[in-house]
Undergrad: 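The structure follows.
Just so we're clear, the structure is a prediction, and the values are computed from it rather than from any experiment. Proteins come first, then strands; the chains are lettered A, B, ... in the order of their sequence lines, and each starts at number 1.
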Amino acid sequence: MTSTFIPRSDFLRVLTERGYIHQCSDLAGLDEQARKGEVTAYIGFDCTATSLHVGSLLQIMMLRWLQKTGGKPVPLMGGGTTRVGDPSGKDESRKILSLEDIENNKTGIKAVFSKFLTFGDGAKDAIMPDNAEWLTKLNYIDFLRDVGRHFSVNRMMSMDSVKMRLERDQELSFLEFNYMCLQSYDFVELNRRYGCNLQMGGSDQWGNIVTGVDLGRRMGTPQLYALTSPLLTTASGAKMGKTAAGAIWLNADMLSPWDYWQFWRNTEDRDVGRFLRLFTEMPLDEIARLEALQGAEINEAKKILATEACAMLHGREQAERATETARQTFEEGVTSTDLPHIHIEASALASGLGVLAAFVEAGLVQSTGEARRQIKGGGLRVNDVIVADDRMSLTAADLNDSGSIKLSLGKKRHILLTPKA
RNA sequence: GGGGGAAUGUCCCGAGCGGCAAAGGGGGCGGACUGUAAAUCCGCUGGCUACGCCUUCGCAGGUUCGAGUCCUGCUUCCCCCA
């Protein structure tokens, strides 16, 4: 559907060219709104953790492009829905969080948004409302009378997400069935409060979003629009943002800029072009050139991807530092003093610090048992020398010129152990 | 209300006639090969003061030298009949 339509607005042109669009309820209509500079779009975010992770980055970027092309972005916090516990994940229902936790999480999440969006009171400034503001005030009877009457169960039953569950004989709880009503109502409420006329989200949200569009029509709002992005996986099919080491968090206190840079640097070849378009703001012709690089050359493109993505989140300076640290570590084989480090008591070295304990302390392994196994498999190194003996201990003699000991797990993960002065 | 199933290694799926730290996958981590990629091959994938000790199979008891396995009660989920 996107192939035949040529958008005239900057907003849709950018989103189309860069591959953000999966489905749209009315491209031409939305394009017209965008051309008039009258798009206010929202995307709902859970506040189940103190930070968002890369999985949400695509949505954040869409809001960012919207603002850059003259629209008003509205990241909506799901404080109200979090309070209920969203059951939409088929098997596990999310745990219900306390109010303090939710508030705390909102603070952490807002910090991330402020890196990508400009907040304020201006017409095109971003705002971050919380659906708890209206959802918690709902009265069941009033809601049924004013809103519930507009939902067509017939229509809801025909939605893919519902149909699938019924066909498979899987349980679909009433709460879950209602969840889309609440989400639809959010859209209407946001339209009334802020003139919001577009909801965006991942492709899995399509059903919920168009239900909101429909509700708006029945409740007399101006025309609303739906726009979804493709579900993002790596070329090998893995979900974005989850690794064994944990989620790729966006907050720096949960994942350092260095680790964030490394995440992007380790992108698969096949994903480089796509990721450059989605997660950087580089010109498309430049991306096309980088994407065309063959063999080992494509590593250059990965470095640029890492640096640009890192700069957007953590700032140019942090990104450059990570780039330089990586260059020293991987290309020159020098021990950069800027690698992540942890401090230990100087006295610990005096009496000799066991390697097992040291690696656990550094967080490279979870337990001494794992450290032992890694040693057996040749995976641990101290100052770039493979550890052969698990009874080895570290002393002041192991300190390098810059006064620290380099611990490595595999070829990629390094931590400097530095005694406290 | 009646009848029948299910719950396993704190990532997931999943075997398990009383001797079990518990088969097999997936995923992940490490090694080899490379380019900090992919594919492929190999190893590892409860904890510890470590040739030994401790803790794991929904929860709580019981039988037994010994229980994931047998018995009783409970919780949760699923299916069939009403």
Undergrad: Please determine, for B:C44, whether a Watson-Crick or G-U wobble partner exists with both distances under 3.5 Å, and give it or none.
TA: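 B:C44 is paired, partner B:G28.
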Undergrad: Between B:U45 and B:G24, how far apart are the P atoms? Round to whole Å, please.
TA: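 After rounding to an integer number of Å, I get 11 Å for this pair.
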Undergrad: Could you measure between the two P atoms, the one in B:G58 and the one in B:C17, and give it in whole Å?
TA: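 Rounded to whole Å, the distance is 15 Å.
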Undergrad: Write down the distance between CD1 (A:I375) and P (B:G31), rounded to a whole number of angstrom.
TA: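 Roughly 13 Å, once rounded to whole Å.
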Undergrad: Syn versus anti for B:C65, judged by chi lying within 90° of 0?
TA: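 B:C65: anti glycosidic orientation.
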Undergrad: Map A:D269 and A:G379 onto RNA chain B by nearest heavy atom, then report which one ends up closer to the 5' terminus.
TA: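 Going by which nucleotide is closer to the 5' end, it is A:G379.
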Undergrad: With sequence neighbours excluded, what pairs up with A:A306 under the side-chain contact (heavy atoms from CB on, under 4.5 Å) test?
TA: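 Result, side-chain contact (heavy atoms from CB on, under 4.5 Å) vs A:A306: A:W261, A:W264, A:R265.
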Undergrad: In this structure, how many angstroms lie between the P atom of B:A38 and the CZ atom of A:F275, rounded?
TA: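 Distance check: A:F275 CZ to B:A38 P gives 12 Å.
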Undergrad: Determine whether A:L409 and A:L380 make a side-chain contact, defined as any pair of heavy atoms from C-beta on separated by less than 4.5 Å.
TA: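 With C-beta onward as the side chain, the pair touches.
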Undergrad: What's the CD1-P distance between A:I304 and B:G35, to the nearest Å?
TA: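 Answer to the nearest Å: 20 Å.
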Undergrad: Given the structure, check if the side chain of A:K303 and the base of B:U36 hold any donor-acceptor pair shorter than 3.5 Å.
TA: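 A donor-acceptor contact between them is absent.
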Undergrad: Roughly how far apart, to the nearest Å, are B:G16 and B:U49 at atom C1'?
TA: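 Taking atom C1' in both B:G16 and B:U49, they lie 34 Å apart.
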Undergrad: Can you tell me if A:D253 has over 12 outside heavy atoms packed within less than 6.0 Å of its CG?
TA: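 Yes, enclosed.
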Undergrad: Do A:N208 side-chain atoms and A:M180 backbone N/O form a donor-acceptor pair below 3.5 Å?
TA: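 Looks like no, no N/O pair under 3.5 Å.
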Undergrad: What do you reckon, is CZ of A:R13 surrounded by more than 12 foreign heavy atoms closer than 6.0 Å?
TA: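 Counting other residues, nucleotides and ligands, CZ of A:R13 exceeds 12 neighbours.
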Undergrad: In whole angstrom, what separates A:E332's CD from B:U36's C1'?
TA: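 Rounding to the nearest Å, CD of A:E332 and C1' of B:U36 are 15 Å apart.
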Undergrad: For the C1' atoms, the ones on B:G52 and on B:U63, what distance do you get once it is rounded to whole angstrom?
TA: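 The same atom, C1', in both gives a distance of 31 Å.
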Undergrad: Between B:C13 and B:G18, how far apart are the two P atoms, rounded to whole Å?
TA: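 Comparing P positions in B:C13 and B:G18 gives a spacing of 26 Å.
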Undergrad: Quick one: is A:K412 getting a side-chain N or O under 4.0 Å of the B:A37 phosphate, OP1 or OP2?
TA: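 Checking B:A37 against A:K412, a side-chain N or O does come within under 4.0 Å of OP1 or OP2.
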Undergrad: What is the glycosidic conformation of B:C51: syn, defined as within 90° of 0, or anti?
TA: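 Syn conformation for B:C51.
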Undergrad: Of A:T329, A:I405, A:D384, A:D401, which meets side-chain contact (heavy atoms from CB on, under 4.5 Å) against A:T335?
TA: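 Option passing the side-chain contact (heavy atoms from CB on, under 4.5 Å) with A:T335: A:D384.
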Undergrad: Under 3.5 Å, which N/O atoms of the protein pair with N/O atoms of nucleotides 43-47 of chain B?
TA:
from	atom 1	to	atom 2	distance (Å)
B:G47	OP1	A:S367	OG	2.9
B:G47	OP2	A:R373	NH2	2.4

Undergrad: Considering only the C1' atoms, how many Å lie between B:C65 and B:G28, rounded to the nearest integer?
TA: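 About 41 Å, rounded to a whole number of Å.
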Undergrad: For A:E331 and B:U36, give me the distance from atom CD to atom P, rounded to whole Å.
TA: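 That distance rounds to 8 Å.
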Undergrad: When you measure from the centre of the six-membered ring of A:W65, is the NZ or CZ of A:K68 closer than 6.0 Å and no more than 45° off the axis?
TA: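 Cation-pi check for A:K68 and A:W65: passes.
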Undergrad: Nearest whole Å is fine: how far is B:A50 C1' from A:L356 CG?
TA: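 Rounding to the nearest Å, CG of A:L356 and C1' of B:A50 are 11 Å apart.
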Undergrad: Using the side-chain heavy atoms of A:I298, tell me which of these nucleotides is nearest: B:C33, B:U36, B:G35.
TA: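 The answer is B:G35, which lies nearest to the side chain.
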Undergrad: Among B:C33, B:A38, B:G30, which nucleotide sits nearest the side chain of A:L409?
TA: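 Looking only at heavy atoms from C-beta outward on A:L409, the closest nucleotide is B:G30.
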Undergrad: Name the pairing partner of B:C70, where a pair is Watson-Crick or G-U wobble with both distances under 3.5 Å, or state none.
TA: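 Its partner is B:G62.
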Undergrad: Return the value, rounded to whole Å, for the distance between atom NZ of A:K302 and atom P of B:G35.
TA: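 A:K302 atom NZ is separated from B:G35 atom P by 12 Å.
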Undergrad: Side chain of A:R372: nearest nucleotide among B:A50, B:A38, B:C33?
TA: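 Nearest listed nucleotide: B:A50.
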Undergrad: Would you indicate what A:Q262 reaches in the nucleic acid, counting non-hydrogen atoms under 4.0 angstrom: base, sugar-phosphate, or nothing?
TA: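 Here A:Q262 touches the bases of the nucleic acid.
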Undergrad: What's the gap between B:A50 and B:U36 when it is taken at their C1' atoms, as a whole Å value?
TA: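 Taking atom C1' in both B:A50 and B:U36, they lie 35 Å apart.
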Undergrad: Which pair of heavy atoms, one from A:L339 and one from A:K406, lies closest together, and at what distance?
TA: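 The answer is CD1-CE, 4.2 Å.
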Undergrad: Distance between the C1' atoms of B:U69 and B:A15, in whole angstroms?
TA: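 These two C1' atoms come out 13 Å apart once rounded.
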Undergrad: To the nearest Å, how far apart are A:D390 CG and B:C48 C1'?
TA: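 Going from A:D390 (CG) to B:C48 (C1'), I get 13 Å.
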Undergrad: Can you tell me the base-pairing partner of B:A6? Count Watson-Crick or G-U wobble geometry only, both distances below 3.5 Å, and say none if there is no partner.
TA: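 Per the H-bond distance test, B:U76.
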Undergrad: What is the pairing partner of B:A50, taking Watson-Crick or G-U wobble pairs with both distances under 3.5 Å in any strand?
TA: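 Because no pair has both required distances under 3.5 Å, B:A50 counts as unpaired.
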Undergrad: Check A:W258 against A:A322 and note the closest heavy-atom contact, atom names and distance.
TA: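 Minimum heavy-atom contact is CZ3-O, 3.7 Å.
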